Amino acid sequence: MDLRLAHLEWILKKEGLKPAVKYLNSRVPYRFTTVYRLEHDVFNVIETVDKLDEFNPNASSSTPYSQSLCRFPVLHGTFSTSDTATDPRLKGLCYPSAVGSYSGVQLTLANGDLYGTFCHYDFAKQVISHFEYQFLQLATTLITRHLQENASTYRVAYHPWSEQSSGPVR
């Protein structure tokens, strides 16, 4: 196993999710790193890290599926944009206008059920390297395994989306 992944796995086992998210946040220029649980058609924060350790009311709030950039990794597996304002894929769509850059990966449980997303984001334009984005995709396997092993802590019970949901029914 890659040493970086082994280090992440050690952090998850010995220290838990928050230090692991903090470690992953330290590797990128993005200010925020968050694990979201998708429940019905709402993204709920499970864990978040802010490099500046400032109070951010959005860091603990729920976001409807239709108003979140996290819907894109849910639909496509991954999604990254260094500049939301100029990204043609986002033109005319509803998303938090304060978010200037975003890189996210779908979190899928071992049985194939959707858990949510893991993402880095910032108010400013940021770029994630191809190398780091690939690492993030590999890291999500360890994160979802940790979430499953600690299901009672992180609300891992699967809840299918409602028929009225604005997102895909799984």
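Along the sequence shown, the residues carry numbers beginning at 1. Since we're looking at a predicted model, the values are computed, not measured.
Here the side chain of Ser129 pairs a donor or acceptor atom with the backbone of Glu132 at under 3.5 angstrom. Looking at Gln106, its side chain does come within 3.5 Å of a backbone N or O of Pro73 through a donor-acceptor pair. No donor-acceptor distance shorter than 3.5 angstrom exists from the side chain of Tyr65 to the backbone of Leu38, with no hydrogens or angles considered.
Residue Ala20 comes nearest to Ile11 through the heavy atom pair N-CG2, 3.4 Å, listed as atom of the first residue, atom of the second, then distance. Nearest heavy atoms, Gln126 versus Pro29: OE1-CB, 3.3 Å. Heavy atoms only, all atoms of each residue included: Ser103 and Leu136 are closest at O-CD2, 4.4 Å. Shown here for Phe32 and Asn25, the closest heavy-atom pair between the two residues is C-ND2, 3.6 Å.
Tracing side-chain contacts under 4.5 Å through hydrophobic residues (I, L, V, M, F, W, Y), one reaches Leu109 starting from Leu107; they form part of the same cluster. Linking ILVMFWY side-chain heavy atoms closer than 4.5 Å, directly or via other members, places Val127 and Phe79 in two distinct hydrophobic clusters.
Under the 3.5 Å distance criterion, with hydrogens and angles disregarded, no donor-acceptor pair is assigned to the side chains of Tyr102 and Thr84. Donor-acceptor pairing under 3.5 Å is lacking for the side chains of Ser68 and Thr63. Defined by atom type and a distance below 3.5 Å, a donor-acceptor pair is present between the side-chain atoms of Thr33 and His120.
Aromatic ring centres of Tyr121 and Tyr30: separated by at least 6.0 Å.
Ring geometry for Phe43 versus Tyr36: interplanar angle over 60°, hence perpendicular rather than tilted (30 to 60°).
Tested against His146 for a side-chain contact (heavy atoms from CB on, under 4.5 Å), the candidates Thr144, Asn150, Ile143, Leu142 yield a single pass: Asn150.
Counting only heavy atoms from C-beta outward, the side chains of Phe72 and Leu90 approach each other to under 4.5 Å.
More than 12 heavy atoms of other residues, nucleotides or ligands shown are found within 6.0 angstrom of NZ on Lys18. By the 6.0 Å contact criterion, NZ on Lys22 is open, its count of non-hydrogen atoms from other residues, nucleotides or ligands being 12 or less. Counting non-hydrogen atoms of other residues, nucleotides and ligands closer than 6.0 Å to NE2 of His76 gives a total above 12.
Ion pairing of Arg31 with Asp122 is absent here, as no side-chain N (NZ or NE/NH1/NH2) approaches a carboxylate O to less than 4.0 Å.
Stacking of Arg37 on the aromatic ring of Tyr115 is recorded, both the 6.0 Å distance cut-off and the 45° axial limit being met.
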